[in-house]
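In what follows, a structure is listed as structure tokens, so that the remarks can point back to it.
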2 protein chains.
Amino acid sequence: MPRLVAPDMTETGWLEALPDLRPLDEPARALLSREAARVELKPGTVLFRPGDVCANFLIVLAGSVRVHLLSELGREIVLYRVTAGSTCILTTSCLIGREDYSAEGVTETAVSAVALAKPAFDALVAASPVFRDFVFHGFGTRLTDLMRLVSEVAFGRIECRLAEALIRHAPVGGTVPLTHQVLATELGTAREVVSRQLKEFERLGLVGLGRGRLEVLDTAGLRDLAAAASG
Amino acid sequence: MPRLVAPDMTETGWLEALPDLRPLDEPARALLSREAARVELKPGTVLFRPGDVCANFLIVLAGSVRVHLLSELGREIVLYRVTAGSTCILTTSCLIGREDYSAEGVTETAVSAVALAKPAFDALVAASPVFRDFVFHGFGTRLTDLMRLVSEVAFGRIECRLAEALIRHAPVGGTVPLTHQVLATELGTAREVVSRQLKEFERLGLVGLGRGRLEVLDTAGLRDLAAAASG
DNA sequence: CCCGCTCAGTGACTAAGTCACCATGAGGTT
DNA sequence: AACCTCATGGTGACTTAGTCACTGAGCGGG
């Protein structure tokens with residue numbers, strides 16, 4: 001279980017953990033400190049579902065929120081993750097556009113965050129160029145991510161995408177707990193497809209397989225695969 | 001050839017054509033009018049390519065800009081269109097994040113637009129809540145669009161997506177000039193796939209086909225197809 | 001020890017994308 | 001008119017991906 005509140009994240013100190021907000025001027029800093037509510041969430045908490053309306057702006061201080069789309073018939077695809085120091089763009093978008101959520105957000109780990117009600121959010125955006133940049137910049141980053149995702153889903157081979165996902169999720173030759181289903185969800189494909197592809201990777205000596213776990217044996221080999229004709 | 005400048009879009013009057021900016025306060029309005037440069041573009045003009053850096057914020061007054069991704073090997077997919085009254089979110093994102101473009105933007109028709117250099121854009125965002133909302137709102141809308149696109153590409157059947165595209169592009173039973181290749185690009189698939197599917201639609205009496213043109217015969221039938229298992 | 005569960009393996013099938021190639025027709029040229 | 005060229009679209013054979021239905025292996029709790 002990860003530490004929820006780092007030593008320097010006291011009631012007033014958490015702001016220091018957000019590098020992009022450090023240049024905040026004093027009035028904005030005071031407003032943010034006063035209005036923001038600390039939130040601690042257990043892993044597996046559903047933050048929002050498609051159709052929910054959005055009430056609060058959220059900045060993640062620690063942990064990871066997974067945002068994914070659900071198909072009508074059980075398939076899923078991970079859109080992006082919100083990690084320490086970033087904001088949930090979908091939440092921002094809903095706040096501003098007064099739209100409903102179109103995806104689902106679930107905490108993957110324990111998550112420490114601050115929440116900001118819409119009026120305070122609006123006031124901060126109006127008052128502080130730094131805060132505005134922070135929000136806008138998050139928007140831009142996610143947008144770029146989503147475009148890359150579209151590109152991968154539309155043009156990329158499963159072989160390459162799986163290799164990339166393995167590199168991302170299993171950095172250094174250690175054994176990681178990853179089921180085929182989780183990888184399938186990651187890529188937006190079916191479990192059987194992942195199983196077959198993984199078996200092929202095993203045959204090539206790139207990975208070792210076991211029930212509910214997986215070991216990357218040849219990162220370079222995977223990288224080659226990922227690079228080949230990936231667009 | 002569409003009329004480039006509507007009667008009320010005089011040098012000072014084009015602002016009235018943007019409903020979302022009508023509540024602008026007087027100083028912002030003055031700033032916008034003073035700094036914005038009118039631009040007229042011919043159809044087929046490439047506005048930006050992947051890797052380009054971004055210099056200006058752009059608001060489209062009339063016409064349509066198609067923004068699409070290119071795969072390494074010739075395939076394309078349309079991400080969205082920027083039409084009258086809206087802004088190119090990718091441009092905005094690049095301006096703010098100081099990133100390069102990751103897609104290509106081409107005018108589909110003659111396009112009338114206003115351009116705003118970054119300093120003026122920044123000043124307006126800082127000064128005017130209305131302008132800020134305008135920009136943010138565009139962001140949110142596109143974001144939602146992109147998510148829907150991811151969903152369709154990842155989960156949707158070509159049959160359904162093609163039916164939807166036909167409904168979108170050929171509203172009322174008239175004959176429209178649309179090649180199979182254009183439709184394939186629209187959906188991010190291959191021309192052969194579209195050809196075969198269209199032939200099937202023709203067999204079902206849903207469309208009439210001809211060289212370089214296409215007629216929707218049964219919109220309701222297409223709508224049924226589009227609705228069936230589309231996610 | 002058995003029950004029930006999650007996780008993975010498999011074969012047969014359908015859908016989609018790829019490749020190579022040909023046929024057609026429209027427009028311009030000589 | 002005859003010809004050429006090019007964009008368009010038709011087609012078969014093949015590969016890759018996704019679906020469906022089912023089997024079996026491991027694992028923990030009662």
Side-chain angles (χ1 to χ4, degrees), chain A residues 44 69-77 151-166 175-203 207-215 225-226 228-231, chain B residues 44 69 71-77 150-166 175-203 207-215 225-226 228-231:
Chain A
L69 281 174
L70 306 169
S71 92
E72 288 165 12
L73 305 161
R75 266 170 70 194
E76 288 181 38
I77 185 168
S151 174
E152 281 179 11
V153 172
F155 307 133
R157 302 171 61 79
I158 277 292
E159 190 184 23
C160 304
R161 300 212 291 135
L162 181 57
E164 279 168 17
L166 290 176
T175 294
V176 276
L178 266 183
T179 70
H180 299 186
Q181 181 58 61
V182 165
L183 283 166
T185 294
E186 196 73 25
L187 302 180
T189 183
R191 198 257 314 156
E192 298 92 315
V193 174
V194 170
S195 290
R196 282 195 258 263
Q197 197 63 60
L198 280 177
K199 175 167 289 199
E200 177 65 10
F201 285 177
E202 186 182 38
R203 203 184 59 77
V207 301
L209 298 178
R211 183 187 171 80
R213 61 184 187 72
L214 185 152
E215 180 180 7
L225 262 183
S230 64
Chain B
L69 281 174
S71 93
E72 288 166 10
L73 306 162
R75 265 170 72 192
E76 288 181 38
I77 185 169
V150 169
S151 175
E152 279 179 12
V153 173
F155 306 134
R157 302 171 62 80
I158 278 290
E159 190 185 22
C160 304
R161 300 212 292 133
L162 181 57
E164 279 167 16
L166 290 177
T175 294
V176 277
L178 266 183
T179 70
H180 299 187
Q181 182 58 61
V182 165
L183 283 165
T185 294
E186 196 73 26
L187 302 179
T189 184
R191 198 257 316 157
E192 298 91 316
V193 174
V194 170
S195 290
R196 283 195 259 264
Q197 197 63 60
L198 280 178
K199 175 167 290 197
E200 178 65 10
F201 286 176
E202 185 182 38
R203 203 184 59 77
V207 301
L209 298 178
R211 184 185 176 80
R213 62 185 184 71
L214 184 151
E215 179 181 7
L225 261 183
S230 65

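Order of the sequence lines fixes the chain letters, A, B, ..., with proteins taken first and strands second; residue numbering starts at 1 for each chain. Note that the coordinates shown come from a computational prediction; the quantities given were computed from them, not determined experimentally.
What separates CZ of Arg161(B) from C1' of dA15(C) is a distance of 13 Å, to the nearest Å. Atom pair Leu187(A):CG and dA17(D):P shows a separation of 11 Å (rounding to whole Å applied). For the pair Lys199(B) NZ and dT11(D) P, the computed distance is 3 Å after rounding to whole Å. Rounded to a whole Å, the CD atom of Glu200(B) is 13 Å from the P atom of dG10(D). When the P atom of dA8(C) is taken as reference, atom CZ of Arg213(A) falls 10 Å away, rounded to whole Å. Here the P atom of nucleotide dA16(C) and the CZ atom of Phe155(B) are 15 Å apart, to the nearest Å. The CG atom of Leu214(A) sits 13 Å away from the C1' atom of dC7(C) (whole-angstrom rounding). Gln197(B) has its CD atom 17 Å from the C1' atom of dT18(C), to the nearest Å.
Side-chain N/O atoms of Thr179(A) include none lying less than 4.0 angstrom from OP1 or OP2 on dC7(C). Within the structure, a side-chain polar atom (N or O) of Arg157(B) is placed less than 4.0 Å from OP1 or OP2 of dA15(C). Side-chain N/O atoms of His180(A) include one lying less than 4.0 angstrom from OP1 or OP2 on dG9(C). Residue Arg75(A) places at least one side-chain N or O closer than 4.0 Å to OP1 or OP2 of dT19(D). Note on Ser195(B): every side-chain N or O is 4.0 Å or more away from OP1 and OP2 of dG9(D).
Residue Glu192(B) has its side chain nearest to dT18(C) when only dT19(D), dG17(C), dT18(C) are considered.
Between Ala154(B) and Arg75(A), the closest heavy-atom pair is O-NH2, 3.0 Å. Contact between Leu187(B) and Arg161(B) at its shortest, heavy atoms only, is O-NH2, 2.8 Å.
In this structure, Leu162(A) and Thr189(A) have side chains that are not in contact, with every pair of non-hydrogen atoms separated by 4.5 Å or more.
Residue order along DNA chain C, read from the 5' end via each residue's closest nucleotide, puts Arg211(A) first among Arg191(A) and Arg211(A).
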| request: Report the C-alpha distance between Thr185(A) and Leu183(A) in whole Å, list the side-chain angles of each, state the deciding distance to 0.1 Å, and finish with yes or no for side-chain contact (heavy atoms from CB on, under 4.5 Å). | output: CA-CA 5 Å; Thr185(A) 294; Leu183(A) 283 166; over 6 Å; no
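The residues Arg203(B) and Glu200(B) are annotated as salt-bridged, a charged nitrogen and a carboxylate oxygen being separated by less than 4.0 angstrom.
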